[in-house]
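Working notes, structure below.
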Number of protein chains: 2
Amino acid sequence: MTKIKKTAQIIAYESIRESIINGEFAGGGMKLVEEKLAIKIGVSRTPIRDAIRRLEQEGFINNKKVIKPTETDLRNQFEMRMLIESYAASKAASYMIDDDIAKLKNAIHIARISEDNGEVIKQNKEFHDLIVLESRNPIMIETVNRMQSIIYLFSRAVVLHKRPGLIDEHEEILKAIIERDPEMTSQKMKEHLHSDLEFTLRIIK
Amino acid sequence: MTKIKKTAQIIAYESIRESIINGEFAGGGMKLVEEKLAIKIGVSRTPIRDAIRRLEQEGFINNKKVIKPTETDLRNQFEMRMLIESYAASKAASYMIDDDIAKLKNAIHIARISEDNGEVIKQNKEFHDLIVLESRNPIMIETVNRMQSIIYLFSRAVVLHKRPGLIDEHEEILKAIIERDPEMTSQKMKEHLHSDLEFTLRIIK
DNA sequence: TTATAATATTTTGTATACAATTTTATAAAA
DNA sequence: TTTTATAAAATTGTATACAAAATATTATAA
């Protein structure tokens with residue numbers, strides 16, 4: 001068991017992050033005031049500042065304000081994901097071992113049988129994570145994670161809707177991996193993310 | 001003219017970054033102690049901490065120590081660059097306007113006629129930056145910049161050596177762009193960065 | 001009224017003190 | 001000697017006070 005000591009910094013970071021995700025700062029725009037947060041969270045300004053700095057670096061905050069990405073921003077995030085994930089997908093087609101392929105199958109299966117959309121979203125993330133891992137490149141993994149959280153964060157509306165075709169597309173990607181066809185896998189991944197982007201834009205616009 | 005007010009934070013950041021680049025912290029390993037830096041730079045610990053946090057996020061520092069990347073780290077950085085820059089290169093082949101192509105030519109020209117290797121390095125960066133800009137994606141641009149600085153930083157030895165073929169390879173990339181051949185441009189860029197990596201590893205190992 | 005200047009208020013930046021923790025040095029036991 | 005325990009020192013984390021800057025408010029002139 002790993003002992004995690006919750007320093008004031010970590011408490012502040014998690015609390016503020018949570019608040020952002022729950023949309024408590026009025027959908028962007030609203031300014032984060034250090035002292036108000038300090039009082040609310042019950043620590044001094046120092047760890048609050050650390051937390052804000054970190055969230056700033058992670059791309060959630062800009063100029064003390066929660067960012068509200070434009071359509072262009074979203075497109076850029078997705079473009080970055082498409083590049084990395086299609087690359088990882090072709091690696092997966094070449095090298096992914098059976099155990100991990102089984103995990104992909106499982107993620108698809110759970111998503112199929114589950115009623116609730118939250119579970120579908122979760123398995124979608126699992127599916128993508130498994131593939132990105134095949135890049136075996138921590139920088140790429142980290143980058144995709146950043147993109148994912150920001151995309152997720154600012155398209156919470158999307159979470160409420162079931163995207164048509166999502167699971168079928170996963171199935172196609174899986175099929176291409178099983179056939180050990182890197183080109184096809186990469187292509188299917190690109191198309192899949194492209195549909196995701198279009199769906200997201202359609203909903204939040 | 002843009003007025004920049006140098007806050008203590010900025011002074012601290014620049015000073016520490018400079019020290020890292022100049023290898024003043026004994027090639028990695030050495031621990032950065034807040035108070036010592038504070039005294040040296042002449043500000044309090046607060047802005048020092050901010051600066052360290054920032055440099056940590058940018059990947060120069062880890063656990064209060066200047067990072068010393070392993071060969072694997074370098075390979076990962078280059079892999080990320082290859083992915084983005086080859087993508088940008090194909091965009092350049094498709095869309096780069098003549099004015100910018102002229103700038104590429106110019107960068108090659110200056111590098112060719114210059115005696116001093118520092119200038120060659122500078123024009124090399126200029127050449128790559130011009131191409132990466134063609135991605136028109138700030139996230140990609142930012143990512144490559146991060147990779148570049150860290151690669152540069154930790155291969156200072158490389159700067160002292162003239163890499164054979166570097167300018168010729170630029171010429172080949174330029175040629176492919178002029179011929180409006182995205183596939184070829186992308187390929188040449190990959191090969192070019194691959195040679196860079198091999199050369200870098202050869203020297204610092 | 002609108003625009004401008006003066007003033008008050010809020011918010012952030014910085015220094016500093018002290019507490020908590022980590023690291024290092026020292027002494028005792030194997 | 002090496003290992004382990006204990007004490008000392010160094011370092012980081014946190015709170016807080018005050019100064020500097022940014023922002024909002026009010027008063028005054030056009």
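To find a chain, count down the sequence lines: A is the first, B the second, and so on, and within it residues start at 1. The shown structure was predicted, so the numbers you read here are calculated from the model rather than taken from an experiment. All values below were derived from every heavy atom in this structure, side-chain atoms included, with hydrogens, water molecules and symmetry-related copies excluded.
With ring centers used as reference points, His192(A) lies under 6.0 Å from His128(A).
Using a 4.0 Å heavy-atom criterion, one finds that Ile52(A) contacts no nucleic acid atom at all. Among the heavy atoms of the strands, none lies under 4.0 Å from Ile48(A).
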Checklist line | Per-nucleotide protein contact string for nucleotides 13-19 of chain D, where B marks a base within reach and S marks sugar-phosphate only (heavy atoms under 4.0 Å, - for neither) | finding: BBBBB--
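Summarising the geometry, the separation between NZ on Lys65(A) and P on dT12(C) is reported as 11 Å, rounded to the nearest angstrom. When the C1' atom of dT11(C) is taken as reference, atom CG of Leu32(A) falls 13 Å away, rounded to whole Å.
Shown here are the ring-ring contact (aromatic ring centres under 6.0 Å, His included) partners of Tyr87(A), two or more places apart in sequence or in another chain: there are none.
Remark: Ile167(A) CD1 to His170(A) NE2 distance equals 8.0 Å, nearest 0.5 Å.
Here the side chains of Gln148(B) and Arg81(B) are in contact, with some heavy-atom distance below 4.5 Å.
The shortest distance between the side-chain N/O atoms of Lys36(A) and the OP1/OP2 oxygens of dT11(C) is below 4.0 Å.
Listed by first then second residue, pairs satisfying side chain to side chain donor-acceptor pair (under 3.5 Å) with a partner in residues 92-107 of chain B read Asp100(B)-Lys103(B), not counting sequence neighbours.
Using modelled atom types and a 3.5 Å distance limit, the side chains of Lys122(A) and Ser114(A) yield no donor-acceptor pair.
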